[in-house]
Colleague: 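Before anything else, here's the structure in question.
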Amino acid sequence: MGLTVDHVQTRLARFEFEALFVVELGWLPGPPSDLTLPGESGAGAQVLAHCPTAAAPAVVVEMTGAGWDKLPFDQLWSQLQAIAQALENGLVVWRNAQDERSLWAWSAGESDRPYRGAQVVVRGEACRSWAQRLGQLHPAHLATISTLYPWLNTVERVPAPGLIQGFDQSWQALSDALGMLPGSDRQPWQADPCQPYAMVLLTRLMAVVALQQRGYLGGDEWYLHNQFGQSQQRGVDQFFHQGLQPLVQQGFMLPPEERSLGFNQRFGSLPFVPTGPFRYTELDQRWGHRPLPDAAFEPALHWLADLLEATGIGPDGGPDGGLDLGLDAGLGVLLEQAVTGHGGTTLATPEPLLWALGDRVIHGTVLDRAEALTGHRYHSTDHLLLTLAPAEAGRLLTALGQLTLLDPACGSGRFLVAALGQLLDLAQGLRAIAALDGAKTGPTWANLSPQGSPQGAPQGSLRGSTLGLYRHLATHALYGLDLWPPAVELARLRLWLQGVQRTTRPSELASLPDFTLTVLQGNALVGLVRVDDERFDQVPPRRGAKAKSTAPAAALQGNLLQPLMADSYQAVLAERQVRLEHYRSQTQLLAEVGSVPVYAQADFLRDRIDELNHTAQGKLTHLLWREGSQQLGLRVPDPTGDRPTRPLRQADVDAAQPFHWGFYFHHLLQAQGGFDMVLSHFPQGAVEATQAGFIERYGALFEHKMVAPSTFLHNHRQVLAIDPDLTQAWAEYRGQFTWLSQYLRRSEYYPHSSAGAGGQGRLYWSRLFLERSLQLLRPGGRCGVVLDPFWAAGNSAPLRHWLQRQTDVATVLDLSNHQGLWPDAPTRTLLCALWLRHQGPTQGSPYSAYAKPPNTLAPIALGSVLQRRIHLAE
């Protein structure tokens, strides 16, 4: 295997910068023969290595001399930037006199507005993202893109169109195979019930590939494909029932001591992975026993092989000696495009924009906390990490571990993964600084020993493990919600893959967290943010609800839950909190000892949490239905009834899949005032029935009627006029939006998004999500989002004026696609980037537009514009 991120991190943590470039990356030692260093500002510069390119040679320069340590941060930073800009293609490194901290600087772009970059590395620890970016500076890569800038500011791979199509075809092949099974219960007028389970199977295939790529499946880097081939040798269409299903249910989900000898002989030694994509679900219970042909899996296996090749992580460690980044490096943009394409236009957030939003939200919040702890306002997190004292770093690390971030429309999880990466980078830097004084000043989850090494590690070893940081931040800091079940599966997978990349041995996989507790499925806009205790207590249990278990819990839990199980709302909240804490403590114990009794107990406790959630969800939805039907007077169109409309039924509300924020996040909303941060890409378009949405919802009916979706898109009036079943389905589909629109207009939650044009104008998803997000954001919290442009629209005046009064809007930036910011989207595509702080009012004008030629932005210019906006905000 070629160069890995671990190799680069080790060199960085040891401050072996020259060896990193010369030995690991293959650069030439010393300066090129024709290099001229800058004048006085370059005094003390030493060229460590260089790489010839078609443009100016790439060089890495280290600044030496005691005078640099005496400079204030502003002067140090400006001089390093000046040297980097003068070198044209240079990377400048400065390390302090104690040789404990280093600052890396580079710049690129137009001379009058360069995009500037910086990174701080503390001895003993190096963040993964910086190691990934540096590891890409291989001569083979610089031969294709000769400047350092693109490699130092990106990690994710932009997928080829064939990979997007391959993902869609893989998912569709599995869905089609499930839908054609006898007894699939799929009615022509119903939505496709097979797609969610097809996505579960696809995420499992991706998870197996990630494990084999890490070397955890007997060192076989083509384990999944080999298992498929061996299955075909044993017989036709045997892979699902004799390959994949046993691999999951009798392999990954069971401790090694429970597996049979025959299983081990066939599948080899497998790690124990009790959480993540392999968990047993209700969908498995429904679909898992039915036969699937091998042909259903062949597109996915071909697609995964192409993905491994395209991302440069094949068996040879990547093409041309490139860096082994892991499977997830190729999934971020690809899966975001797949999910947004499901809802309409295929879009992926440009990486500079994703970084800028995270910087303003996450780094800004950390700087707020640092100012509260130290009384000093730092210019940036680079300034913070260079100058913060060890004791202060330990306290700030504790504060960072208490932050919470929400993505209320998480989609494939790309924003959550980006947020996790930034939080982990900051946590690693703070942990390393806290360890510099030799005292254990950080929180227990940071795993600091007095020597600064992870507990249990050999004396003097590097603080390279981030698994403890990952486990804490991924489960205590990040929360996501999405209405579309396949998107939720993808978001959970991506967060889980981040943990896989941070393990160093197979046994650590058992400690990866359960994301079904933090990445949830539901409708963010429909549900109760506040719950009336008295009204909840008056709601009787729903018919058909699961009866509470009367079996004693003492066998597994002692008396912990005995006094609970009451029906009052406060008792339900208390019971849920106890169950959650007990479940998390037991799964943590499982991670530490891996014992079967704890593993069984964790499953039992999880079932009890689900049972409680189910009971509370039914009561809360009943309250929401009563509010809609009795207080708001909502009615539903009834094309088949005697009257044009009928009363709202609880089944209508159930179908909307309401998410009751006030219950699931009661403690966070009541005790802390809300989430600290919101980071998201909101859904686009108006709240209305669309032809594309109808085709997606009733795809099975179109197949049954043998009507091509393209025919309906171009001639929907004629199709509806001749087919009564499609006409009725269209009326039912539109009726769902009719009552939902009425609810959104009349509800107390959206007074500013629905107030335009006398309350009768169009509703837009993204504006509603913005208003809901601010209801969930604590006072002083920060928000960064991508949404439909609205600031300059006349019908957005109520929302705009409310934002200006109640929040400090730092930037509203309209962006068009005229120069290809979103290569797969139409040229007319317009989006808006917004970041604000939940404390008002807004000072000055935050609005800028790059929406019409000639001032539209190309991808290469986006970073510099965003950087300028960030500097203005500071």
Colleague: After noting the C-alpha distance and the side-chain angles of Gln172 and Asp176, does the key distance pass the side chain to side chain donor-acceptor pair (under 3.5 Å) rule?
Modeller: CA-CA 6 Å; Gln172 190 63 49; Asp176 291 344; 2.7 Å; yes
Colleague: Which label fits Trp171 and Trp484: parallel for a plane angle under 30°, tilted from 30 to 60°, or perpendicular past 60°?
Modeller: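 Trp171 and Trp484: perpendicular rings.
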Colleague: Residues in salt bridge (charged side-chain N to carboxylate O under 4.0 Å, His left out) with Arg414, at least two apart?
Modeller: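 In terms of salt bridge (charged side-chain N to carboxylate O under 4.0 Å, His left out), with neighbours along the sequence ignored, Arg414 is linked to Glu156, Glu336.
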Colleague: Quick one about Thr856 and Gln819 (side-chain donor to acceptor, distance below 3.5 Å, no hydrogens or angles considered), yes or no?
Modeller: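 Per modelled atom types, Gln819 and Thr856 side chains form a pair under 3.5 Å.
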Colleague: Given the rule in the ring-ring contact (aromatic ring centres under 6.0 Å, His included) test, do Tyr764 and Phe790 qualify, once you have shown the distances and angles that lead to the verdict?
Modeller: CA-CA 10 Å; Tyr764 294 89; Phe790 72 99; over 10 Å; no
Colleague: Under a 3.5 Å threshold, yes or no: a donor from one side chain and an acceptor from the other, between Asp407 and Ser680?
Modeller: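 Distance-only check passes for Asp407 and Ser680.
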Colleague: State the CZ-SG distance between Arg286 and Cys194, to the nearest 0.5 angstrom.
Modeller: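 Arg286 atom CZ to Cys194 atom SG measures 7.5 Å (nearest 0.5 Å).
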Colleague: With heavy-atom distances below 4.5 Å as the criterion, would you say the side chains of Trp496 and Phe278 are in contact?
Modeller: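 When only atoms from C-beta onward are counted, Phe278 and Trp496 do touch, with a gap below 4.5 Å.
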Colleague: May I have the step-by-step check of side chain to side chain donor-acceptor pair (under 3.5 Å) for Asp425 and Ser129, ending in yes or no?
Modeller: CA-CA 7 Å; Asp425 290 349; Ser129 65; 2.5 Å; yes
Colleague: So, do Leu509 and Val500 sit near enough that their side-chain heavy atoms are less than 4.5 Å apart?
Modeller: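 Contact flag for Leu509/Val500 side chains = yes.
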Colleague: For Thr154, enumerate each residue passing the side-chain hydrogen bond (donor to acceptor under 3.5 Å, both in side chains) test, keeping only those at least two apart in sequence or located in another chain.
Modeller: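 Checked Thr154 against side-chain hydrogen bond (donor to acceptor under 3.5 Å, both in side chains); matches are Glu351.
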Colleague: For residues 292-300, dump all side-chain donor-acceptor pairs below 3.5 Å to protein atoms at least two apart in sequence or in another chain.
Modeller:
| residue | atom | partner | partner atom | Å |
| --- | --- | --- | --- | --- |
| Asp294 | OD1 | Gln238 | N | 3.4 |
| Asp294 | OD1 | Phe239 | N | 3.2 |
| Asp294 | OD2 | Asp237 | N | 3.2 |

Colleague: Who are the side-chain hydrogen bond (donor to acceptor under 3.5 Å, both in side chains) partners of Thr504, not counting sequence neighbours?
Modeller: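 Glu508.
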Colleague: Do the side-chain N and O atoms of Thr346 and Asp824 include a donor-acceptor pair separated by under 3.5 angstrom?
Modeller: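 No - no donor-acceptor pair under 3.5 Å links their side chains.
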Colleague: Would you please name every residue forming a ring pair (Phe, Tyr, Trp, His ring centres under 6.0 Å) with Phe167, sequence neighbours left out?
Modeller: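 Scan of Phe167 (ring pair (Phe, Tyr, Trp, His ring centres under 6.0 Å), adjacent residues dropped) gives Trp303.
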Colleague: Is any side-chain heavy atom of Leu283 closer than 4.5 Å to one of Pro196?
Modeller: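 Yes - at least one pair of side-chain heavy atoms lies under 4.5 Å apart.
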Colleague: Assign the ring pair Tyr197 / Trp287 to parallel, tilted or perpendicular, where the plane angle (0 to 90°) is split at 30° and 60°.
Modeller: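 Geometry flag for Trp287 against Tyr197: parallel rings.
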Colleague: Hey, which of Gln501, Gln498, Gln213 is the one that makes side chain to side chain donor-acceptor pair (under 3.5 Å) with Asp328?
Modeller: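 The residue from Gln501, Gln498, Gln213 that satisfies side chain to side chain donor-acceptor pair (under 3.5 Å) with Asp328 turns out to be Gln498.
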Colleague: Does either side chain, that of Gln230 or that of Asn226, offer a donor lying less than 3.5 Å from an acceptor on the other one?
Modeller: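 There is no such pair between these side chains.
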Colleague: What pair of heavy atoms forms the shortest contact from Gly135 to Leu25, and how long is it?
Modeller: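 Residues Gly135 and Leu25, closest heavy atoms: O-CD2, 3.7 Å.
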Colleague: Determine, step by step, whether Thr349 and Trp822 satisfy the side chain to side chain contact (heavy atoms under 4.5 Å, CB included) criterion, reporting the C-alpha distance in whole Å, the side-chain angles of both residues, the deciding distance to 0.1 Å, and the verdict.
Modeller: CA-CA 8 Å; Thr349 309; Trp822 301 277; 5.6 Å; no
Colleague: How about Thr281 and Asp284: do any of their side-chain heavy atoms sit closer than 4.5 Å?
Modeller: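 Yes. Closest side-chain heavy atoms under 4.5 Å.
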Colleague: For the residue pair Trp151 and His141, does the interplanar ring angle fall in the parallel (under 30°), tilted (30 to 60°) or perpendicular (over 60°) class?
Modeller: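 Aromatic pair Trp151/His141 classed parallel.
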Colleague: Should Arg133 and Gln119 be marked as a side chain to side chain donor-acceptor pair (under 3.5 Å) after you check the CA-CA gap, both sets of side-chain angles, and the distance that decides it?
Modeller: CA-CA 11 Å; Arg133 285 180 280 163; Gln119 181 69 42; 3.2 Å; yes
Colleague: Test of understanding: with side chain to side chain contact (heavy atoms under 4.5 Å, CB included), list the residues that count as partners of Gln422, not counting sequence neighbours.
Modeller: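 Gln422 satisfies side chain to side chain contact (heavy atoms under 4.5 Å, CB included) with Trp355, Ile362, His363 once adjacent residues are dropped.
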Colleague: For the residue pair Phe694 and Tyr698, does the interplanar ring angle fall in the parallel (under 30°), tilted (30 to 60°) or perpendicular (over 60°) class?
Modeller: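 Rings of Phe694 and Tyr698: tilted, as their planes differ by 30° to 60°.
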Colleague: Heavy-atom distance under 4.5 Å between the side chains of Leu403 and Met677, does that happen here?
Modeller: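 Heavy-atom side-chain distance check passes, below 4.5 Å.
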Colleague: Do you see a donor-acceptor pair shorter than 3.5 Å between the side chains of Arg471 and Ser511?
Modeller: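 Ser511 and Arg471 do have a side-chain donor-acceptor pair below 3.5 Å.
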Colleague: Any side-chain heavy-atom pair from Val248 and Arg204 closer than 4.5 angstrom?
Modeller: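 Contact flag for Val248/Arg204 side chains = yes.
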